[in-house]
Student: 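Okay, here's the structure, questions in a sec.
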Amino acid sequence: MTLIYQHVLLILFVSTIPFSQSVPLNPDYYKTSCPDFDRIVREEVHEKQSKFVTTAAGTLRLFFHDCMTGGCDASILIGSSSDNKAEKDHEDNISLPGDGFEIISRIKNALELSCPGVVSCADILAASTRNLVVMVGGPHYPVQLGRKDGLISQATRVTGSLPSTEMNGDQMIKYFGDRGFSIQEMVALLGSHTIGFSNCKQFSKRLFNYSAETPTDPGLKPAYAEALKNLCANPATNVTMSAFNDVKTPGKFDNQYYKNLPKGLGLLATDNVLVTDPRTRPIVEMYAANETAFYKDFADAMVKMSNFEVKTDGDPGGEVRRRCDAPNSVA
Ligand code: HEM
């Protein structure tokens with residue numbers, strides 16, 4: 001009798017174990033396998049950002065682009081080969097600055113000396129992004145760990161996976177909504193444009209060819225539009241010219257971006273959509289008045305973005321790369 005009872009219990013127990021068990025991320029993933037993980041990331045990030053102040057913005061954008069194309073799996077770090085054009089060489093990623101790639105590879109080198117073959121490039125990218133955001137004044141948020149690096153990186157997968165500055169409010173909301181983000185989370189994430197630069201080509205339509213009625217977007221403050229026109233006037237130098245995303249406090253991760261928008265100081269057309277669309281304007285006004293609310297929502301949205309379609313221990317199609325710019329099969 002007891003034997004039968006035990007047998008039934010065993011069957012019940014076994015049947016509750018899924019076939020492929022993907023392990024959830026956790027913040028202490030490297031606690032025993034690589035106890036120096038936090039220290040190495042912290043020290044390398046500090047050194048790099050102190051010398052090259054554009055690293056934070058470059059890495060934050062790099063991370064966003066990585067996550068949006070096949071999940072946060074560091075596929076964006078892989079280089080092209082003779083028979084494969086990789087994600088990083090897609091037109092939309094060409095302007096990603098070298099500083100972002102460089103900091104990840106420096107941290108990887110240091111970690112390989114300390115705990116070889118243990119830490120994924122995807123986790124390095126997630127953790128360094130958080131540390132860099134904090135270094136420029138942004139909020140601290142927990143970074144879950146245990147991502148695996150992707151095996152595939154193809155430029156063709158980038159097409160349609162990243163947002164464009166030509167999007168209207170409906171398209172922006174759909175883009176983020178399709179990826180599980182609410183309108184408020186979208187507005188909070190776009191607060192990333194409180195740091196960094198944009199190239200003239202990303203906003204020159206607003207300056208010179210806005211519409212048949214007016215060459216300049218009336219959504220831009222006139223004095224600001226004039227300054228940008230001067231910056232971007234010469235087509236010969238245009239390709240190398242960039243403007244600060246946040247003209248007031250360009251290097252500080254604060255809520256100035258939201259204060260700029262109602263004044264016509266939003267740089268990209270999509271930034272300006274946030275104040276023209278009645279669904280997003282109240283959120284912009286709320287963040288402009290309440291930096292703490294922005295920090296809280298940005299932190300939560302970053303935690304969500306950092307976990308987007310991640311591969312973990314139980315998932316096929318992931319590995320810990322030996323070097324971040326190539327899958328182990330070719331490295
Ligand atoms: C509608 C959504 C978005 C659009 C259309 C957009 C577009 C752009 C464009 C065109 C640039 C300038 C690139 C260049 O000229 O090199 C830029 C810069 C930047 N974006 Fe976005 N972006 C969006 C959302 C986001 C999100 C969600 C994040 C982060 C979570 C982000 C982070 C950044 C950062 C940090 C920069 C500055 C990069 C640097 O200085 O190197 N963006 N974005």
Side-chain angles (χ1 to χ4, degrees), residues 49 52-69 72 76 88 90-103 125-126 128-130 132-133 135-139 141 158 160-206 228 231-232 238-247 250-253 257 261 266-274 277 280 294 297-308:
Q49 175 67 19
F52 303 97
V53 293
T54 55
T55 309
T59 309
L60 177 55
R61 183 163 177 249
L62 180 67
F63 186 46
F64 172 55
H65 285 208
D66 181 46
C67 292
M68 293 302 108
T69 307
C72 309
I76 199 151
K88 69 183 285 196
H90 185 276
E91 198 194 337
D92 294 351
N93 286 329
I94 289 293
S95 67
L96 289 169
D99 284 331
F101 293 92
E102 215 246 353
I103 179 62
L125 184 51
S128 6
T129 300
R130 191 274 315 276
L132 284 160
V133 165
M135 257 193 95
V136 290
Y141 54 87
V158 180
S161 75
L162 296 173
S164 128
T165 55
E166 309 270 303
M167 286 177 167
N168 61 28
D170 284 344
Q171 290 165 327
M172 288 166 72
I173 289 168
K174 176 161 178 13
Y175 173 87
F176 282 95
D178 284 350
R179 288 153 183 84
F181 295 97
S182 68
I183 297 179
Q184 186 146 334
E185 286 168 338
M186 173 185 86
V187 178
L189 284 176
L190 268 159
S192 299
H193 290 172
T194 180
I195 54 172
F197 301 89
S198 293
N199 188 276
C200 283
K201 78 163 186 222
Q202 304 289 0
F203 54 87
S204 55
K205 186 165 183 274
R206 296 188 78 197
L228 292 174
L231 179 82
C232 302
N238 221 344
V239 276
T240 56
M241 299 306 275
S242 294
F244 289 129
N245 287 327
D246 168 1
V247 66
K252 191 162 182 299
F253 200 100
Y257 170 77
L261 296 179
L267 184 61
L268 303 174
T270 36
D271 296 326
N272 197 50
V273 165
L274 298 188
D277 193 299
T280 48
F294 164 52
D297 288 358
F298 178 79
D300 290 348
M302 281 301 288
V303 170
K304 190 165 175 177
M305 191 186 98
S306 309
N307 296 350
F308 187 70

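Since we're looking at a predicted model, the values are computed, not measured. Both counts, for ligands and for their atoms, begin at 1 and track the order of listing.
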Student: Backbone, side chain, both or neither: what part of N245 comes under 4.0 angstrom of ligand 1, heavy atoms only?
Tutor: side chain
Student: Tell me if the CZ atom of F244 is crowded by more than 12 foreign heavy atoms within 6.0 Å.
Tutor: no
Student: Under a 3.5 Å distance rule, please check whether D66 uses its side chain to pair with a backbone N or O of I76 as donor and acceptor.
Tutor: yes
Student: For ligand 1, which atoms, with element, lie under 4.0 Å from some heavy atom of G196?
Tutor: 37 (C), 40 (O)
Student: Out of C200, A57, S192, whose heavy atom sits nearest atom 29 (C) of ligand 1?
Tutor: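 Answer by nearest heavy atom: S192.
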Student: Counting heavy atoms not belonging to K252, are there more than 12 under 6.0 Å from its NZ?
Tutor: yes
Student: Look at atom 20 (N) of ligand 1 and say which protein heavy atom is nearest, naming residue and atom and giving the distance to 0.1 Å.
Tutor: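 Going by distance alone, atom 20 (N) of ligand 1 is nearest to H193 NE2, 2.9 Å.
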Student: Starting at CD1 of I103, measure out to OG1 of T55 and round the result to the nearest 0.5 Å.
Tutor: 7.0 Å
Student: Within 45 degrees of the ring normal and closer than 6.0 Å to the centroid, is that where the cationic atom of R179 sits relative to Y175?
Tutor: yes
Student: Below 4.0 angstrom from a heavy atom of T270, which ligand 1 atoms are there? Numbered from 1 as shown, please.
Tutor: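 Ligand 1 atoms under the 4.0 Å threshold to T270: 5 (C).
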Student: Any nitrogen or oxygen of L189, main chain or side chain, under 3.5 Å from a nitrogen or oxygen of ligand 1?
Tutor: no
Student: Stepwise, does the salt bridge (Lys or Arg N to Asp or Glu O under 4.0 Å) test hold for D300 with K304?
Tutor: CA-CA 6 Å; D300 290 348; K304 190 165 175 177; over 6 Å; no
Student: Would you mind listing which atoms of ligand 1 come within a distance below 4.0 Å of any non-hydrogen atom of L268?
Tutor: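 Contacts of ligand 1 toward L268, numbered from 1: 7 (C), 8 (C), 9 (C).
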Student: Taking N168 for its side chain and Q171 for its backbone only, find out whether a donor-acceptor pair lies under 3.5 Å.
Tutor: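 Yes: the side chain of N168 pairs with the backbone of Q171.
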Student: Applying a heavy-atom cut-off of 4.0 Å, say which part of F64 lies close to ligand 1: side chain, backbone, both or neither.
Tutor: side chain
Student: Identify, for atom 3 (C) of ligand 1, the protein heavy atom at the shortest distance, and state residue, atom and that distance.
Tutor: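 The closest heavy atom on the protein side is P163 CG, 3.5 Å.
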Student: Any side-chain to backbone donor/acceptor pair from N245 onto I195? Under 3.5 Å, distance only.
Tutor: yes
Student: Does ligand 1 have any atom sitting under 4.0 Å from a heavy atom of M167?
Tutor: no
Student: Among all protein heavy atoms, pick out the one at the shortest distance from atom 17 (C) of ligand 1; state its residue, atom name and that distance to 0.1 Å.
Tutor: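 Here the closest protein heavy atom is R61 NE, 3.6 Å.
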Student: Give the numbers and elements of all ligand 1 atoms closer than 4.0 Å to a heavy atom of N199.
Tutor: 14 (C), 15 (O)
Student: Can you confirm whether or not the ring centre of Y257 sits under 6.0 Å from the ring centre of F294?
Tutor: no
Student: Using a strict cut-off of 4.0 Å, indicate which atoms of ligand 1 neighbour a heavy atom of P97.
Tutor: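 Heavy-atom distances to P97 below 4.0 Å select 41 (O).
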Student: Taking D99 for its side chain and F52 for its backbone only, find out whether a donor-acceptor pair lies under 3.5 Å.
Tutor: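 Pair absent, no side-chain N/O of D99 close to backbone of F52.
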Student: Please list the nearest protein heavy atom to atom 40 (O) of ligand 1 with its residue and the distance rounded to 0.1 Å.
Tutor: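 Here the closest protein heavy atom is F197 N, 2.8 Å.
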Student: Check if T54 has a non-hydrogen atom at a distance under 4.0 Å from any atom of ligand 1.
Tutor: no
Student: Which residue and non-hydrogen atom of the protein lie closest to atom 11 (C) of ligand 1, and at what distance in Å?
Tutor: S198 OG, 3.6 Å
Student: Cut-off 3.5 Å, side chains only: do T165 and R206 have a donor facing an acceptor?
Tutor: no
Student: Go through ligand 1 atom by atom and flag the ones less than 4.0 Å from a non-hydrogen atom of S95.
Tutor: 14 (C), 16 (O)
Student: Mark up the atoms of ligand 1 that fall under 4.0 Å of a heavy atom belonging to S164, in ascending order.
Tutor: 5 (C)
